[in-house]
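Single-structure report; data block below.
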Protein chains: 2
Amino acid sequence: MTPMSVPLHQAKADFFRTLGHPVRIRVLELLRDGPRPVRELLAEIEVEPSNMSQQLAVLRRTGLVSAVRDGGTVVYSLATPDVVDLLAVARRILTDMITGQDELLAELRAEAAK
Amino acid sequence: MTPMSVPLHQAKADFFRTLGHPVRIRVLELLRDGPRPVRELLAEIEVEPSNMSQQLAVLRRTGLVSAVRDGGTVVYSLATPDVVDLLAVARRILTDMITGQDELLAELRAEAAK
DNA sequence: TGCTGAATTTAGAAATTCTTCAATTTATGA
DNA sequence: TCATAAATTGAAGAATTTCTAAATTCAGCA
């Protein structure tokens, strides 16, 4: 049996890890609605320009977004529309988990009221 | 229009970050096929028991898996079947992205054929 | 009780990631 | 050419995460 996919699991982990940053998540969500120049991303997300560039570089390296220079500005867009699905599934899971916590909280309250 | 709350983006990022580790990914994939005791997870994944416990603790904290004690062993299972969808979408994106890297691509295809 | 296997916890060092600041590139307009 | 805006890059220190090893908990059993 092949040394079963150590690099594959690493690749998957690396992929998810690039999503593990609030600024990068916000960028992807903004790009869901279409391409945007860095300037606009900076207007919507509170972060220093250099930090934004760093996070954009991470997304670029992973291949999730692509950048095109247009004169003085650089326009970013999603490299694949599949990212939209991923964010949607993630939101569904988070919604389920938070709902579950609410239910648990309700149970605790009911128990305390006895 | 109300800005999406900062804590929400943090929650999303935290969620993805818990997926950003090869051992944790591997555990979730094994649990896809059903509940398993820690002993079996250790038999399939090359990692020290204490390290495994730590990664399982991360998954537990996030609410992705749940653990039940059965005598001397502890059995883990997926907390929500949605995780399966998430892994599937992620694989689809990876397939698209790494078309140039033949080795990884072959492994992904082999996995899809199971 | 004392022993053993299974699993977790704790603590610390090692490695990685994040943030910030200064310097640099690229294009545009005076 | 010079100046400026937009964006990126590089490097350092701070903050997190990860890994390893030792100690601990828990259940079952001689």
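We name chains A, B, ... by the order of the sequence lines, and we start the count at 1 in each one.
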To the nearest Å, how far apart are A:Arg61 CZ and D:dT8 C1'?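 For the pair A:Arg61 CZ and D:dT8 C1', the rounded distance is 12 Å.
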
So does [X] get a side-chain nitrogen or oxygen closer than 4.0 Å to the phosphate oxygens (OP1/OP2) of [N]?
X       : N      : value
B:Arg24 : D:dT18 : yes
B:Arg69 : D:dA27 : no
A:Arg60 : D:dT9  : yes

Specify the closest pair of heavy atoms between [X] and [Y], including all atoms of both residues, with the distance to one decimal.
X       : Y       : value
A:Asp82 : B:Val89 : O-CG1, 4.1 Å
B:Val75 : B:Pro35 : CG1-CB, 3.7 Å
B:Tyr76 : B:Leu31 : O-CD2, 3.5 Å

Between the side chain of [X] and the main-chain N/O of [Y], is any donor-acceptor distance below 3.5 Å?
X       : Y       : result
B:Arg24 : B:Leu59 : no
B:Thr62 : B:Leu64 : no
B:Arg36 : B:Val38 : no

Measure all distances between protein nitrogen or oxygen atoms and nitrogen or oxygen atoms of nucleotides 28-30 of chain D, and list the pairs falling under 3.5 Å.
none

Given A:Asn51 and A:Val23, is the side-chain contact (heavy atoms from CB on, under 4.5 Å) satisfied, shown in steps? CA-CA 9 Å; A:Asn51 197 343; A:Val23 168; 5.9 Å; no

So, taking the atom named CG in B:Leu41 and the one named CD in B:Gln55, what distance separates them when rounded to the nearest 0.5 Å? 12.5 Å

One should read off an interatomic distance between A:Lys12 NZ and B:Leu28 CG, to the nearest 0.5 angstrom, of 10.5 Å

Would you jot down, in residue-number order, the residues of residues 42-58 of chain B having a non-hydrogen atom under 4.0 Å from DNA chain C?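 Heavy-atom contacts with DNA chain C come from B:Pro49, B:Ser50, B:Ser53, B:Gln54, B:Leu56.
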
For chain B, the stretch of DNA chain C it reaches, first to last nucleotide, under 4.0 Å of its heavy atoms: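 Counting from the 5' end, contacts occupy C:dA6 to C:dA11.
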
Would you say B:Leu56 and B:Val74 make side-chain contact, with heavy atoms under 4.5 Å? no

Does a sphere of radius 6.0 Å around CZ in A:Arg91 hold more than 12 heavy atoms from other residues, nucleotides or ligands, not counting ones at 6.0 Å or beyond? no

Most 5' of A:Val23 and B:Val74 on DNA chain C, judged by nearest nucleotide: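 Its nucleotide being nearer the 5' end, the pick is B:Val74.
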
